[in-house]
Number of protein chains: 2
Amino acid sequence: MTVIRGARERARSDVTAAIKEEARRRLAAEGAARLSLRGVARELGMVSSALYRYFPSRDELLTALIIDAYDAVGEAAERALDAGAGARPVARWTAVCRAVRDWALAHPHEYALIHGSPVPGYAAPQATVGPASRVGLALIAVVADAHAAGALRTSGPPVPEAVLRDVAALRERLGLPLPASVLAEAVAAWSQLFGLVGFEVFGQFERVIDARDAFFDHAAARLARLVGLEELEGDSGR
Amino acid sequence: MTVIRGARERARSDVTAAIKEEARRRLAAEGAARLSLRGVARELGMVSSALYRYFPSRDELLTALIIDAYDAVGEAAERALDAGAGARPVARWTAVCRAVRDWALAHPHEYALIHGSPVPGYAAPQATVGPASRVGLALIAVVADAHAAGALRTSGPPVPEAVLRDVAALRERLGLPLPASVLAEAVAAWSQLFGLVGFEVFGQFERVIDARDAFFDHAAARLARLVGLEELEGDSGR
DNA sequence: CCCCCGGCAAGAGCAATGCTCTCGTTCTTG
DNA sequence: CAAGAACGAGAGCATTGCTCTTGCCGGGGG
C-alpha cells in the first residue's frame, strides 16, 4: 500500500518523522507550552523556516503529536484488552484502566496534551476524533464481551429517556448489541476513569493518597462493577 | 483587621485588583496560553514594566488567577452544600456536583486553568492546596452529614489496607468521624466527578451525548450511591 | 542524454512576547 | 521637612511564530 515512490518522498517522510521525534522529546522534557519550533529546528541542525515545509504551523505540529498520543494510549489500552481476552470481566476492565494510567504516568506531558487544557484557540480537528475514542472503545469492548458471555448485570437505576436516545444512536454507529443503559454507564465510567488518572498525573492526590497503585486498582474495579460487570458474591447491596 | 493605611496601599490594592480583573477577562476571552502581560498592561493604559511592581512574573499572575478560580468553584460548591442542608443526601450530593459543573461550563478557561495541564514547569505552589480542596471537602461534608443522620451505607467491597492507612491519616487531619473506607470512596468519587466535568468542558462528549444535563445528573447520582449515600429501594443489587 | 521545473533549505526580517535596568517623580515616614 | 521607598515610563535584550525572497539541487520530460 505504502509503496516508496522515490528518494524525494522517502526523504520527506524521514525528516517528518525526525521532527516529530525531536518534538516529542522536547515535549516530554518541558511541556507543550515550552515547545518551540525554533528549538526543535535548532536541535535538528535546520533553520526554523525549513520546518514550515513539513508543518504549516506550530499548531499543526501539536495536532500531529496529539494524534500520536491518542494512538499511543489507545494502543496501550487495546494491548491490555487483547492480553486479557480470557480473563474475568472485572479483571480485564481493571487491566485496561491500568494500562491507560500507566501510560499517562509514563508520559505526563503527552497526557496533558490530550486531556489537559486545549491549546490556544484550538478546536480539536476532525482527524483527532478517531484516535481519541480508542480507549473508550476498548472499555466498551470489555463490557460487550462480558455481555456476550452473560457476565453482565444489565439492571440498575433507570437511565433518563433522553440519554437512552443518544446512547442508542451511538450503539447504532458502533454496531454493538449492548443494552443502551449499559452503554450509558460505560460512557460515564470512561470519563470518570480520566478523572482518576488526571488527578494522579496532575498531582492532586499529593499528600492525600500515597498508596496510589492500590487506590487506583480499587477504584477501577468499583467502576467496573458500577457498569455492571461480574460481581463477586456478597460485595454489593449491603 | 484590614485597615486602609494610606492612599498608597489603597492604590496598590486597587491596581492589583484591576490587573487581575482585566487578566481574568482576557483569560476568559482567549485562554491562558494567549494571556500576555503586555496585553493586560496595554488595556489598562500602563506600560508592561509597571506590571512587574505588582506581580513578579507572568506565572505569579497566573497563580493568583488559579487561586481565585479554585475559590470561585469551591464557593459555588459550598453554596450548593448549604442550600441543600435539609435535602436527602443523594440530591444534595448531586446539587454540589451540578454546581461544580455549571461553574465549569460557565468559566471553561478558568476551569482549564485549574484542572487542565499545569503551566510550563510549574509545581502547584503551597498557597493553592487550600482552595484546591474546597470542592472535595464539600463533597465529603455531604457524606459526613449523611453519616451522622444514619443515611449512609458503610459496607462495600473491601478497601485495600494501604489505602485505609492513607485515608485514616486524612480523616485525622480533617477531624471527621467517617469510616475510612467511605472516605476512600469519596476521594475517588471526587476525582471521578472532575472526569465527567472535564470531558464535557473539553468537548469529548461532542457527538456522543447530547442530553448532557440529564446525563450528568444521572452520573452524579450514581456516584452518590457508589459512595454509599441513601439508596432508593430496589435500585442496587440486581 | 540534457535541461529545467519543482521541492527544498537558508537567511533576513516583522511583530510580538517576558523580563530587566535605569531614570525621574511622588508619596510615606521618621 | 527631608531621606527613602514605592512607583511609572521608556529603552533594551533575547526569544518566539511566521513570511518572503533567494538561491540550490535532483529527478522526470524532452
Side-chain angles (χ1 to χ4, degrees), chain A residues 3-20 22-23 25-27 29-66 109 113 117-122 125, chain B residues 2-20 22-23 25-27 29-66 109 113 118-122 125:
Chain A
V3 182
I4 306 285
R5 301 275 300 173
R8 201 141 226 172
E9 300 197 7
R10 187 198 322 249
R12 181 171 185 86
S13 72
D14 276 5
V15 175
T16 305
I19 291 173
K20 286 209 292 187
E22 178 61 34
R25 199 180 346 259
R26 296 185 74 83
L27 180 71
E30 39 198 358
R34 285 214 200 284
L35 176 68
S36 83
L37 271 181
R38 292 179 117 111
V40 334
R42 199 179 308 129
E43 214 70 21
L44 258 48
M46 330 172 65
V47 92
S48 76
S49 56
L51 271 188
Y52 286 84
R53 301 261 175 210
Y54 299 89
F55 295 94
S57 79
R58 176 177 179 275
D59 283 6
E60 289 295 321
L61 212 200
L62 275 179
T63 299
L65 295 183
I66 286 173
H109 282 115
L113 201 58
S117 351
V119 274
Y122 197 85
Chain B
T2 337
V3 182
I4 306 285
R5 302 276 300 173
R8 194 141 228 170
E9 299 196 8
R10 187 201 317 256
R12 179 170 186 88
S13 71
D14 277 5
V15 174
T16 305
I19 290 172
K20 285 209 292 186
E22 178 60 34
R25 198 180 347 258
R26 297 184 74 82
L27 179 71
E30 39 198 358
R34 286 214 199 284
L35 177 68
S36 82
L37 269 182
R38 291 180 115 110
V40 334
R42 199 179 309 128
E43 214 71 21
L44 260 49
M46 331 171 65
V47 92
S48 76
S49 57
L51 270 186
Y52 285 84
R53 303 266 178 208
Y54 299 88
F55 295 93
S57 79
R58 177 178 177 274
D59 283 6
E60 289 293 323
L61 212 201
L62 275 179
T63 299
L65 295 182
I66 287 174
H109 282 116
L113 200 58
V119 274
Y122 194 86

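The figures here come from the full heavy-atom set of this structure, side chains too, leaving out hydrogens, waters and symmetry mates. All chains are named by letter (A, B, ...) in the order of the sequence lines, taking the proteins before the strands, and each is independently numbered beginning at 1.
- Taking all atoms of both residues into account, the shortest heavy-atom contact from B:L65 to B:K20 is CD2-O, 3.9 Å.
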*Under the side chain to side chain contact (heavy atoms under 4.5 Å, CB included) criterion, do A:V15 and A:R53 qualify, and how do the steps go?*
CA-CA 10 Å; A:V15 175; A:R53 301 261 175 210; over 6 Å; no
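- Atoms CZ (A:R58) and C1' (D:dC18) sit 12 Å apart, rounded to a whole Å.
- Summarising the geometry, the separation between CG on A:L44 and P on C:dA9 is reported as 11 Å, rounded to the nearest angstrom.
- Remark: side-chain polar atoms of B:R58 are paired, donor with acceptor, to backbone N or O of B:L35 under 3.5 angstrom.
- The shortest heavy-atom contact between A:S48 and A:R38 is CB-CG, 3.7 Å.
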Can you tabulate the close N/O pairs, meaning under 3.5 Å, that link protein atoms to atoms of nucleotides 7-10 of chain D?
residue, atom, partner, partner atom, Å
D:dC7, OP1, B:R12, NH1, 3.2
D:dC7, OP2, B:R12, NH1, 2.6
D:dG8, OP1, B:Y54, OH, 2.8
D:dG8, OP2, B:Y54, OH, 3.3
D:dG8, N7, B:R53, NE, 3.2
D:dG8, N7, B:R53, NH2, 3.4
D:dG8, O6, B:R53, NH2, 2.4
D:dA9, OP2, B:V47, N, 3.3
D:dA9, N7, B:S49, OG, 3.4
D:dG10, N7, B:S49, OG, 3.4
D:dG10, O6, B:S49, OG, 2.6

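- Note on A:S48: a base of the nucleic acid sits closer than 4.0 angstrom, heavy atoms only.
- With contacts defined as side-chain heavy-atom distances shorter than 4.5 Å, the pair B:F55/B:T63 does not qualify.
- Rounded to whole Å, atom C1' of C:dT17 lies 15 Å from atom CG of B:L61.
- When rounded to the nearest whole Å, the span between CZ of B:R34 and C1' of C:dT17 equals 13 Å.
- When side chains are defined from C-beta on, A:Y54 does not count as touching A:E60, because their heavy atoms never get closer than 4.5 Å.
- Regarding B:L37, its CG atom lies at a distance of 9 Å from the C1' atom of C:dT17, rounded to whole Å.
- Between B:E22 and B:R25 there is a salt bridge, with a side-chain nitrogen of the basic residue lying less than 4.0 Å from a carboxylate oxygen of the acidic one.
- One can place CG of A:L62 at 15 Å from C1' of D:dC18, the figure rounded to the nearest angstrom.
- Helical stems in DNA chain D, defined as runs of 3 or more consecutive Watson-Crick or G-U wobble pairs with both donor-acceptor distances under 3.5 Å, are listed by first residue as C:1-30 with D:1-30.
- For D:dT16, the OP1/OP2 oxygens have no side-chain nitrogen or oxygen of B:R38 closer than 4.0 Å.
- A straight line from CG of A:D14 to P of C:dC8 spans 12 Å, rounded to a whole angstrom.
- Taking 4.5 Å as the limit, every side-chain heavy atom of A:L51 sits out of range of all side-chain heavy atoms of A:L61.
- Between B:R26 atom CZ and C:dG18 atom C1' the separation is 15 Å, expressed in whole Å.
- Closest non-hydrogen pair, A:R34 versus A:E30, comes out as CB-O, 3.6 Å.
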